[in-house]
2 protein chains.
Amino acid sequence: MKVSELGEFGLIDLLARMIAEKEGRKAPPDLILGIGDDAAVWRGDKSLQIATVDTMVEGVHFSPDTATWPEVGWKSLAINLSDIAAMGGEPRYALVAISLPSDTEVDAVAGLYEGMLALAGESGTTIAGGNVSRAPQVTVTVTVLGSSPNGEVLRRDAAHPGDIIAVTGYAGSAAAGLKMLQDNLKLPEAAAAYLRNAFLRPQPCLAEGRLLLSSGIRAAIDTSDGLVADLGHICQASRTGARINADSLPVHPAVREHFGAAARDMALGGGEDYELLFTGPAQVVDRIKSEAGCPVTVIGEITDKPEKIEVTDSQGRPVAVDIAGWTHF
Amino acid sequence: MKVSELGEFGLIDLLARMIAEKEGRKAPPDLILGIGDDAAVWRGDKSLQIATVDTMVEGVHFSPDTATWPEVGWKSLAINLSDIAAMGGEPRYALVAISLPSDTEVDAVAGLYEGMLALAGESGTTIAGGNVSRAPQVTVTVTVLGSSPNGEVLRRDAAHPGDIIAVTGYAGSAAAGLKMLQDNLKLPEAAAAYLRNAFLRPQPCLAEGRLLLSSGIRAAIDTSDGLVADLGHICQASRTGARINADSLPVHPAVREHFGAAARDMALGGGEDYELLFTGPAQVVDRIKSEAGCPVTVIGEITDKPEKIEVTDSQGRPVAVDIAGWTHF
């Protein structure tokens, strides 16, 4: 069987089962979360240690035709910091493994690191090591180590029926940005800049993740695969269902204005927004809405129907969703 | 300028300078070793934390024509454990990022993980997370996190003039194994099996690294780039020189017998042995020789001539060395 027939999540399940089978009986007692969440978590001497890794491949995740090298560098770190944010953690150190063709311009590599270092500086992350090797196309794999000092993390398996579902920021902006770049759409300057940044310079929600954790939220995920797909990951891990109102999704005015009817689909199914989707009691979500430095929007609630995601419009009519989100195979 | 003109080590220097410039003034006080050693080291709550990352790319570091998938998986973890060994640390957790073409056989991926899990089990390493993505060729990037409980690590910058230089195991066996596979040499079964394992299933010297550290050794490196090249890294970091006797290098009988005059060149310049090269006082090295579970061979001594590596034969005649070792560009 080919990997394409099994699919990305099928492959991950297979590997997770192999690892669990081999390590199951002797898994170290300090391992709190292994494969299956946004990041791995284990108990350190005092704090919880959080570790995550993500890869960007030229021609698959980015193209030098549409992204500058600093943007590629920024994003390759940002997608990892987003996983740390989704655990409510603080990033500490990063290791950067790059593979490159021999004829890559040194300026390109330097640009990539400039973008990465800009975000490292903003987020308090130190690049402590890495690896350089040759490959037919540029590949950047970043590992980030972080911690949660208060002994708790946000997780995918902590949603409960009755929880309110909310998201930070806007949904679908990255998908709209990708569409604009791929189709070379000419949009007004402000909208174009917003959409380009949404896709190429996502801002990891580190402060928001810490606010969620300190406010008492326990269930969260970052929206990298697409809002409904990521909500599905939460429901699968928590053995719950969910009901959301597609018309309540926070769509940015630039997306609403320039993408019309497609905007809602982008918000539901588009990946790579790197916002946080979380669930919790209504009064906790209300408090977070008033304290967060970004929009926080209630979009639905967790139900007791395992893995059933119901999406309706404001009139209660079912809405079809392409929940494939971003899948690699 | 192209990366190929700058070279692998030139590129690493450039990136290390960029990072130091950006982070220099605000480098976290708990960072002990950043870029420039076998692994990064920072102070945890109690123990020292050690982190390293390494990548294997299909067609560059391995070929499915000569290596089985379990061998690729074993080696992709082994080369990282070797970096932990070179710090005198204990491995704890690994994150595995794999990139694959869509038409990769699932059995190939499962085989790769089988090999990795076999070594993970032997070495007490837990695979705690990872990432799966698409790419034109199989690429495996493994990050290993480890620790050193006693507050010290082995480092490249701790050699002193007058130190004895010693190596564990045999030198040049991996290069001979690669040559055998590439040229499809037909050797007797036992020799062929030894050489294949030397190149494809290296045994990381974790016990040896811990023995070195607990015995009082402070300067070590793993021989991944080639013995003389790696000795050069020690001399560069320690601002010392070195003098070694090429005829004293530990060459395995299978290599000596089947590769004749080329054996010495393989021992001096061949990469990927993943043995430990270390320096220290003669009496400490003597004690290690008697306590180690593998051959430990004295090959020379550290001198006070910065970065001058003198290689002679037993008669004191200069020996020319191709010190390029393994370089990517």
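Per chain, numbering begins at 1; letters A, B, ... match sequence-line order.
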Trainee: Atom OG1 in T55(A), atom CZ in R134(B): separation rounded to 0.5 Å?
Mentor: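 Here the rounded value is 13.5 Å.
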Trainee: Taking atom OG of S99(B) and atom CE of M56(A), what is their separation to the nearest 0.5 Å?
Mentor: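 Here the interatomic distance stands at 12.0 Å.
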Trainee: Looking at Q137(A) and Q137(B), what are the two nearest heavy atoms and their distance?
Mentor: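 For Q137(A) and Q137(B), the tightest heavy-atom pair comes out as NE2-NE2, 2.8 Å.
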Trainee: Could you have a look at S47(B), S4(B), A128(B), A51(B) and say which one has the most heavy-atom pairs with chain A under 4.5 angstrom?
Mentor: A128(B)
Trainee: With a 4.5 Å cut-off on heavy-atom pairs, point out which of I12(A), L100(A), L14(A) contacts chain B the most.
Mentor: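 Most heavy-atom pairs under 4.5 Å with chain B: L100(A).
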Trainee: Let me know if L117(A) has heavy atoms under 4.5 Å from chain B in its side chain, its backbone, both or neither.
Mentor: both
Trainee: Which pairs, with at least one residue in residues 132-154 of chain A and sequence neighbours excluded, count as a ring pair (Phe, Tyr, Trp, His ring centres under 6.0 Å)?
Mentor: none
Trainee: I'd like to know which of V57(B), I35(B), V53(B) tops the heavy-atom pair count under 4.5 Å against chain A.
Mentor: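 The candidate making the most pairs under 4.5 Å is V53(B).
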Trainee: Evaluate whether atom NZ of K46(A) has more than 12 neighbouring non-hydrogen atoms of other residues, nucleotides or ligands under 6.0 angstrom away.
Mentor: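 No, the 6.0 Å shell around NZ holds no more than 12 heavy atoms from other groups.
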Trainee: Counting a contact as any heavy-atom pair under 4.5 Å apart, which residues of residues 88-98 of chain B contact chain A?
Mentor: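 Near chain A, by residue number: R92(B), Y93(B), L95(B), A97(B), I98(B).
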Trainee: Counting only heavy atoms closer than 4.5 Å, note whether D37(A) contacts chain B via side chain, backbone, both or neither.
Mentor: neither
Trainee: Just give me the residue among A39(B), G59(B), A40(B) that pairs up with chain A most often, heavy atom to heavy atom, under 4.5 Å.
Mentor: A40(B)
Trainee: Give, for atom OG1 of T143(B) and atom CG of L145(A), the distance between the pair rounded to the nearest 0.5 Å.
Mentor: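 If we round to the nearest 0.5 Å, T143(B):OG1 and L145(A):CG are 8.0 Å apart.
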Trainee: Please enumerate all residues that pass side-chain contact (heavy atoms from CB on, under 4.5 Å) together with S148(A), with sequence neighbours excluded.
Mentor: L48(A), I50(A), N150(A), V153(A), L213(A)
Trainee: Heavy-atom distance under 4.5 Å to chain B: side chain of T52(A), backbone, both or neither?
Mentor: backbone
Trainee: Quick check on the structure: residues of residues 103-116 of chain B within a heavy-atom distance below 4.5 Å of chain A, by number.
Mentor: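 Expected list: D103(B), T104(B), E105(B), V106(B), V109(B), A110(B), Y113(B), E114(B).
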Trainee: So W42(B) and T126(A), side-chain contact (heavy atoms from CB on, under 4.5 Å) or not? Walk me through it.
Mentor: CA-CA 11 Å; W42(B) 59 86; T126(A) 298; over 6 Å; no
Trainee: Between L11(A) and chain B, with a heavy-atom cut-off of 4.5 Å, which part of the residue counts as in contact: side chain, backbone, both or neither?
Mentor: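 When you check distances to chain B, only side chain atoms of L11(A) fall under 4.5 Å.
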